[in-house]
Every structure is written in structure tokens, then in C-alpha cells.
Amino acid sequence: MAKTASVILTQNLSDTKRTTSFNHSANDDEIPTIDYSMLICSNDPDQRLKALQYLAYVCKEYGFFYLVNHGVPDSVIERALNGISDFFNLTEEEKMDYEKKDSTDRIRWGLGFSPGDHEAVKREYLKVLPHPKFEGPAKPAGFREALEDYYQRDREVIINLAKAVSKTLGFEENYLEKEFELETGADVSAMNVYPLGFKPNTQIGLPAHYDPGYLVSLVQNVNGGLQLNYKQKWINVDMPSNALFINIGDHVEVLTNGKYKSPMHRVILNNEVRRVSVATVHGPSLDTFVKPGPEFVGESHPPAYRGMIYKDSLEANGYHEIDGKSCIAQLRL
């Protein structure tokens with residue numbers, strides 16, 4: 001039954017848990033869990049096959065899942081999240097060094113979701129481009145190194161997941177890597193902080209949206225806030241301890257001609273715990289032309305998407321590469 005979400009929130013990875021209520025109605029339906037160690041690392045062929053078959057089902061039926069036993073140490077995630085929190089605690093003047101300048105920005109700080117909406121959308125963000133060449137803020141001390149360590153480990157997990165997803169589609173494990181030219185893949189990461197003390201009717205941290213790229217990974221310092229739209233209803237993301245949250249991106253939806261779909265999602269605020277998150281969009285090479293693959297098109301399945309160069313899709317609607325915005329509405333025919 002739908003109910004006002006009541007989820008467990010953790011101030012950081014080592015704090016005791018506390019309960020906080022959110023004001024937007026959503027369901028507590030179960031979200032699938034993928035065990036990375038069984039999928040990628042197991043020496044048992046039968047176990048790996050079963051894990052792969054389950055991943056195929058989850059990608060087609062849901063488009064999102066929790067990833068556990070992924071091998072990214074808790075200490076690496078905690079150090080990155082603490083560094084992000086410290087960055088947002090810098091003075092306004094220090095953060096404004098990274099305010100929007102032009103389309104070549106590789107680090108960008110700002111407020112809101114889209115230009116001019118920061119009064120309605122309560123979110124402060126820092127965006128960087130982790131790959132193919134990472135650059136990070138100089139302050140606070142140690143922050144850049146903590147981020148780089150996290151991004152390197154996160155990308156290793158995602159590349160292995162891409163190999164597994166390729167197999168679920170019936171191809172060799174390097175299928176997505178070749179189609180998207182992932183050696184020079186363009187990743188965009190948004191670090192977000194959602195404030196306390198919001199007024200009634202302003203509970204939206206991020207409005208409903210989709211993500212570009214092929215796979216998206218998320219970690220956060222609290223459990224709660226993210227909601228997914230699944231079969232025309234909102235469900236709460238109640239992450240298991242030490243899990244990554246993964247969702248399919250727009251460009252896998254395009255390539256597979258809708259077999260695997262990018263899910264709509266949003267962020268709901270709470271008034272008790274400051275939520276800090278890192279969402280990383282893992283994308284094709286900027287020059288890659290992404291269109292429905294011929295293997296997914298036929299008489300009974302005509303192309304449902306228009307092809308577009310990945311960079312152009314990121315820059316649609318007047319945005320820049322570092323904004324990491326979806327244009328799936330324009331890609332759907």
C-alpha cells in the first residue's frame with residue numbers, strides 16, 4: 001500500500017541510525033539486489049550463470065538495483081562523502097571559484113536543478129568530469145585525492161557491470177565497451193547536498209528526471225530521499241548497508257531500442273538529516289553516435305529512438321557537457 005515514506009536515515013557511515021518521515025507519498029516495494037561477487041568474482045560457473053540470468057531479468061523488468069559485495073571499501077566511500085560535506089561547508093566566496101563560467105568547465109558549483117529554479121529546488125551541487133581526465137577542487141585539503149580514489153574504484157565496478165550487461169543482451173562481454181567506446185567514455189559526477197529547514201510544500205530536492213549515459217552509480221551518507229517511478233507509482237530507495245545504487249541510463253535504452261529502459265526518479269527532502277550524495281553518470285565517448293542497434297530492430301520492432309552524437313545529446317536544450325542532463329524526450333520517436 002502507498003504510504004508516507006518512513007525510512008531509516010544514517011548521518012554517516014559510522015553513526016547510529018535514526019528514523020525520519022518524508023512528506024511525499026510512495027510505496028516501500030522491494031528493489032532487487034545484485035551480488036557483484038557472485039556475478040563477477042565467483043569461481044562457480046553455475047553461480048555466475050544464475051547471477052547473470054537474474055541481472056538480465058532485473059535490467060528488463062526494473063532498470064535499477066542495489067549492488068552489494070562490490071569491493072569498494074567503506075573507508076573509500078566514507079572519505080569521499082566526508083570530503084564532499086567539507087566542501088559544502090566552505091565559504092560562499094571559496095565555492096564561487098567554481099561557479100559556471102562557460103562550456104569548457106570541468107568543475108562546476110551551483111544551486112537548484114535548472115537555471116533559475118534554486119528557490120523551488122533545494123539542492124546545492126558540485127559537478128566534475130571524472131573520466132577520461134579527472135580534475136578536482138583544490139579545497140578542502142585531501143578532497144581531490146579522496147574523490148579520485150573513489151571514482152577509480154567505482155569505474156572499475158561499472159566497467160565490469162557493463163561486461164555483464166553485454167552478456168545479458170546475448171553478446172560478448174565487450175559489446176557495450178565497443179559500441180560506446182568506453183576507453184574514452186565521458187563520465188559526469190554530481191555531488192549534492194540537500195538542506196534542512198525547508199518550508200512546507202518545498203520538499204523537492206530534485207524534480208522527476210532521467211539520466212543520460214549507459215549506467216549510473218549512486219552512494220549517499222543517509223538512507224532515504226531517492227524515489228523511483230516504477231509501473232506508474234513512486235517507490236522508496238531504502239539502500240542496504242554499504243550498497244551502491246545502480247540504474248540504467250538513457251543511452252542503453254536507445255541502443256537496445258527500449259529493451260532496457262532508463263527509469264525516472266526524484267529526490268524528496270527531510271527536515272532532520274542533511275543528505276549528501278554522489279551520482280555518477282557513466283557515458284559513451286563524446287564523439288560516439290548512439291542509435292538503436294541493428295540487433296534490436298526488425299519488422300515488429302522498428303526504431304523507437306533517433307540517433308545522436310553523445311556530446312550533442314548532453315548539450316541539447318542549451319546545457320553543457322558537465323551539466324549531465326538527459327534529453328531522452330527528444331530521442332524518443
*Pair R274-E124, salt bridge (Lys or Arg N to Asp or Glu O under 4.0 Å): steps then yes or no*: CA-CA 11 Å; R274 188 172 88 153; E124 182 179 352; over 6 Å; no
List the steps and the verdict of side-chain contact (heavy atoms from CB on, under 4.5 Å) for K261 and I248. CA-CA 7 Å; K261 287 187 168 59; I248 297 292; over 6 Å; no
**Message:** For H320 and R108: C-alpha separation, side-chain torsions, deciding distance, then whether side chain to side chain donor-acceptor pair (under 3.5 Å) applies.
**Reply:** CA-CA 11 Å; H320 300 148; R108 183 175 289 177; 3.0 Å; yes
Check: Could you go step by step and tell me if K311 and E315 meet the salt bridge (Lys or Arg N to Asp or Glu O under 4.0 Å) rule?
Finding: CA-CA 6 Å; K311 187 175 190 291; E315 295 177 347; 2.6 Å; yes
Give the C-alpha distance, both sets of side-chain angles, the deciding distance and a yes or no for salt bridge (Lys or Arg N to Asp or Glu O under 4.0 Å) between K127 and D105.
CA-CA 10 Å; K127 295 185 178 183; D105 289 347; over 6 Å; no
For this session: Dump the intermediate steps for side chain to side chain donor-acceptor pair (under 3.5 Å) on N317 and Q330, then the final yes or no.
Result: CA-CA 10 Å; N317 306 312; Q330 284 113 310; 2.6 Å; yes
Worksheet item: Is there a side-chain contact (heavy atoms from CB on, under 4.5 Å) between Y62 and I31 once you walk through the steps?
Response: CA-CA 8 Å; Y62 290 86; I31 290 176; 6.0 Å; no
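The number of heavy atoms from other shown groups lying within 6.0 Å of NZ (K133) does not exceed 12. More than 12 heavy atoms of other residues, nucleotides or ligands lie within 6.0 Å of CD in E61, so this atom counts as buried by the packing criterion.
In the hydrophobic clustering of this structure, L226 does not group with V216; members are Ile, Leu, Val, Met, Phe, Trp, Tyr whose side-chain heavy atoms approach within less than 4.5 Å, directly or through other members. Y214 and M264 fall within a single hydrophobic cluster, where Ile, Leu, Val, Met, Phe, Trp and Tyr are joined by side-chain heavy atoms under 4.5 Å apart, directly or via other members. Hydrophobic clustering, with ILVMFWY side chains joined whenever heavy atoms are under 4.5 angstrom apart, keeps L215 apart from V68. Linking ILVMFWY side-chain heavy atoms closer than 4.5 Å, directly or via other members, places F134 and V72 in a single hydrophobic cluster. Under the 4.5 Å side-chain heavy-atom criterion for Ile, Leu, Val, Met, Phe, Trp and Tyr, L218 and Y194 are members of the same hydrophobic cluster.
Residue A164 comes nearest to L55 through the heavy atom pair CB-CD2, 3.7 Å, listed as atom of the first residue, atom of the second, then distance. Of all the heavy atoms in S189 and T280, the pair that sits closest is OG-OG1, 3.1 Å. The nearest pair of heavy atoms linking F143 to I84 is CE1-N, 3.4 Å. Contact between P303 and V297 at its shortest, heavy atoms only, is CD-CG1, 3.6 Å. Between L111 and Y125, the shortest heavy-atom contact is N-CE2, 3.6 Å. Between M308 and C327, the shortest heavy-atom contact is SD-SG, 4.3 Å.
Taking the charged nitrogens against the carboxylate oxygens, K233 and D29 do have a contact shorter than 4.0 Å, which makes a salt bridge. Salt-bridge check for E321 with R106: failed, with every basic side-chain N at 4.0 Å or more from each acidic carboxylate O. The pair R153-D149 meets the salt-bridge criterion, with a side-chain N (NZ, NE, NH1 or NH2) lying under 4.0 Å from an Asp/Glu carboxylate O.
Side chain of S166 to main chain of A162: a donor-acceptor pair is present (N/O by atom type, distance under 3.5 Å, no hydrogens or angles). Side chain of T256 to main chain of V252: a donor-acceptor pair is present (N/O by atom type, distance under 3.5 Å, no hydrogens or angles). Under the 3.5 Å distance criterion, the side-chain polar atoms of H131 are left unmatched by any main-chain donor or acceptor of D187. The closest donor-acceptor contact from the side chain of D250 to the backbone of G213 lies at 3.5 Å or more, if one exists at all.
For the 3.5 Å distance criterion, the side chains of Q220 and N192 fail to qualify, holding no donor opposite an acceptor. N160 and Y36 share a donor-acceptor pair across their side chains, judged by distance under 3.5 Å alone. A donor and an acceptor atom, one from each side chain of Y310 and S285, are nowhere located under 3.5 Å apart. In this structure, a donor-acceptor pair under 3.5 Å is present between the side chains of S217 and D154. Using a 3.5 Å distance cut-off with no hydrogens or angles, the side chains of T91 and E94 do pair a donor with an acceptor. No hydrogens or angles considered: nothing links the side chains of N236 and N27 as a donor-acceptor pair under 3.5 Å. Side-chain N/O atoms of D102 and T104 include a donor and acceptor closer than 3.5 Å.
With respect to E253, the salt bridge (Lys or Arg N to Asp or Glu O under 4.0 Å) criterion is satisfied by exactly one of K259, K60, K291, R332: R332.
Using bins of under 30°, 30° to 60° and over 60° for the plane-to-plane angle, the ring pair F64/Y230 lands in the perpendicular bin.
Residues in residues 264-292 take part in these ring pair (Phe, Tyr, Trp, His ring centres under 6.0 Å) pairs, two or more places apart or across chains: H209-H265.
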List the atom pairs, donor and acceptor, that lie under 3.5 Å between side-chain atoms in residues 167-180 and the rest of the protein, sequence neighbours left out.
unit_1, atom_1, unit_2, atom_2, d
T168, OG1, V165, O, 2.6
T168, OG1, Y260, OH, 2.8

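C59 SG to I34 CD1: the interatomic distance, rounded to the nearest 0.5 Å, is 7.0 Å. Interatomic distance, NE2 of H70 versus CG of L161, reported as 10.5 Å (0.5 Å rounding). If you take CD1 on I40 and CD on E156, they are separated by 10.5 Å, rounding to the nearest 0.5 Å. If you take CZ on F65 and CZ on F245, they are separated by 9.0 Å, rounding to the nearest 0.5 Å.
Partners of Q47 by side chain to side chain contact (heavy atoms under 4.5 Å, CB included), not counting sequence neighbours, listed by chain and number: M38, S42, D44.
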